[in-house]
Amino acid sequence: MQKPVLCSVICLLLALTALAQPSSIDKNKVLDYFQEQQFDEAIDYLQPIVSADPANQQALRYLGYAYYMSDHVKTAQQCYRRMFANDSVNITANHYLATFYYNRDPELAMQFFARLIRLQPSSAHYYRGLGALLSRSKLKDPALLFLDLAYAMAPGDGRNLVSLAEVLIDLKNFNRADSLLEIGLARDSMNMSFLRSRIRSA
């Protein structure tokens, strides 16, 4: 085959390969799929993009979410694991991995929550997540430290109040637990979480 002809064939093959392997994402298309809860269609659209560009963090994030919403949790976890491998300070990857491992591997989940606290030190729910896991692991004193911080950052969040009160009850600090729960009940006297903790404290 002559050189000019060979170059033409190679150029044509490269062009066809580029067409067959899209690397850019139509963000509006993906968001439309999500809004319409067409997660299987989103997966079909995103998989070739991730195959063509395995380091595409945006595509991995969308694909992980689509799998997660389709109840393919293990496959979603793999997507976020790949995101984490590409970028260990990626907030989304750390957040979902902390969520996935919360019940399956609490010690590993703690590592992700600790990293999230370093990355976003003003986000109370990461302190609450780590505090709750420490409490479940019977590490009540460090749990109290993180849950105190979570409550101080967002005292209006009932989950922070209840989590802190529960650890205080475990530590037999009933006076402070009751005081916190009374604050919560003054805001919402029918809140079942507040009432359960108040009964437990009593």
Side-chain angles (χ1 to χ4, degrees), residues 6-134 136-137 146 149-150 153-154 157 159-160 163:
L6 180 61
C7 287
S8 298
V9 171
I10 290 171
C11 289
L12 179 60
L13 286 171
L14 288 172
L16 289 171
T17 301
L19 287 172
Q21 296 181 338
S23 59
S24 61
I25 300 173
D26 185 339
K27 185 177 177 181
N28 291 330
K29 187 173 188 175
V30 175
L31 294 179
D32 284 343
Y33 283 140
F34 289 166
Q35 189 168 353
E36 298 299 322
Q37 298 190 358
Q38 296 175 322
F39 299 112
D40 289 338
E41 289 81 353
I43 290 167
D44 290 341
Y45 172 70
L46 291 162
Q47 273 181 330
I49 297 173
V50 171
S51 296
D53 183 7
N56 188 324
Q57 294 289 82
Q58 185 182 39
L60 280 168
R61 177 163 60 91
Y62 286 146
L63 185 58
Y65 179 76
Y67 278 125
Y68 182 71
M69 295 303 291
S70 300
D71 292 325
H72 299 297
V73 176
K74 287 187 178 179
T75 313
Q77 182 178 318
Q78 290 169 8
C79 291
Y80 292 116
R81 266 290 184 189
R82 285 168 67 181
M83 284 181 70
F84 180 80
N86 294 334
D87 179 11
S88 64
V89 296
N90 184 288
I91 299 292
T92 302
N94 279 281
H95 175 84
Y96 275 97
L97 290 170
T99 303
F100 291 141
Y101 290 117
Y102 191 86
N103 291 314
R104 296 179 184 87
D105 190 340
E107 287 190 14
L108 185 55
M110 284 186 214
Q111 295 176 29
F112 289 113
F113 276 119
R115 189 177 288 107
L116 285 163
I117 288 169
R118 289 195 298 273
L119 294 171
Q120 290 192 324
S122 60
S123 294
H125 57 284
Y126 297 141
Y127 291 85
R128 185 180 69 245
L130 181 54
L133 286 172
L134 288 165
R136 280 170 48 188
S137 300
F146 285 100
L149 287 167
M153 289 178 182
D157 188 331
R159 293 168 298 178
N160 293 336
S163 296

Test side chain to side chain donor-acceptor pair (under 3.5 Å) applied to [X] - qualifying residues, sequence neighbours left out:
{"X": "Asp44", "value": "none"}
{"X": "Asp87", "value": "none"}
{"X": "Asn103", "value": "Arg136"}
{"X": "Gln38", "value": "none"}

Can you check whether [X] reaches [Y] side chain to side chain, under 4.5 Å on heavy atoms?
{"X": "Gln111", "Y": "Leu108", "value": "yes"}
{"X": "Leu116", "Y": "Ile91", "value": "yes"}
{"X": "Phe84", "Y": "Asn94", "value": "yes"}
{"X": "Arg159", "Y": "His125", "value": "no"}
{"X": "Phe112", "Y": "Tyr96", "value": "no"}

Quick one: which residue pairs count as a salt bridge (charged side-chain N to carboxylate O under 4.0 Å, His left out) with a foot in residues 58-69, not counting sequence neighbours?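 Sorted result for residues 58-69: empty, none.
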Applying salt bridge (charged side-chain N to carboxylate O under 4.0 Å, His left out) as the test, list every pair that has at least one member in residues 94-118; sequence neighbours left out.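 Applying salt bridge (charged side-chain N to carboxylate O under 4.0 Å, His left out) to every pair that reaches into residues 94-118, excluding sequence neighbours, yields nothing.
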Can you see which heavy atom on [X] is nearest to which on [Y], and at what distance?
{"X": "Leu119", "Y": "Val89", "answer": "CD1-O, 3.4 Å"}
{"X": "Ser123", "Y": "Met153", "answer": "C-SD, 4.4 Å"}
{"X": "Met110", "Y": "Ser137", "answer": "CE-OG, 3.3 Å"}
{"X": "Ile49", "Y": "Ser24", "answer": "CD1-O, 3.6 Å"}

Side chains of residues 66-80: which donor-acceptor pairs under 3.5 Å do they make with residues two or more places apart or in other chains?
unit_1, atom_1, unit_2, atom_2, d
Tyr67, OH, Gln47, NE2, 2.4
Ser70, OG, Ala66, O, 2.8
Gln77, NE2, Tyr101, OH, 2.9
Tyr80, OH, Tyr65, N, 3.1

Atom pair [atom1] ([X]) and [atom2] ([Y]), whose distance is rounded to the nearest 0.5 Å:
{"X": "Asn86", "Y": "Gln57", "atom1": "CG", "atom2": "CD", "value": "4.5 Å"}
{"X": "Tyr102", "Y": "Leu97", "atom1": "OH", "atom2": "CG", "value": "15.5 Å"}
{"X": "Gln58", "Y": "Asp53", "atom1": "CD", "atom2": "CG", "value": "11.0 Å"}
{"X": "Tyr62", "Y": "Thr92", "atom1": "OH", "atom2": "OG1", "value": "10.0 Å"}
{"X": "Phe39", "Y": "Phe34", "atom1": "CZ", "atom2": "CZ", "value": "7.0 Å"}
{"X": "Leu46", "Y": "Ser51", "atom1": "CG", "atom2": "OG", "value": "10.5 Å"}

Just jot down the side-chain contact (heavy atoms from CB on, under 4.5 Å) partners of Ala85, sequence neighbours excluded, or say none.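 side-chain contact (heavy atoms from CB on, under 4.5 Å) list for Ala85, sorted by chain: empty.
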Counterpart residues, salt bridge (charged side-chain N to carboxylate O under 4.0 Å, His left out), relative to Arg81 (two or more places apart):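 Partners of Arg81 by the salt bridge (charged side-chain N to carboxylate O under 4.0 Å, His left out) criterion come out as none, since no residue qualifies.
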Output side-chain donor-acceptor pairs under 3.5 Å for residues 126-134, partner residues at least two apart or in another chain, one line each.
unit_1, atom_1, unit_2, atom_2, d
Tyr127, OH, Pro121, O, 2.8
Arg128, NH1, Asn160, OD1, 2.7

Ignoring hydrogens and angles, tell me if any N or O in the side chain of Tyr45 forms a donor-acceptor pair with the backbone of Asp26 under 3.5 Å.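 The answer is yes, because a donor-acceptor pair under 3.5 Å joins these two groups.
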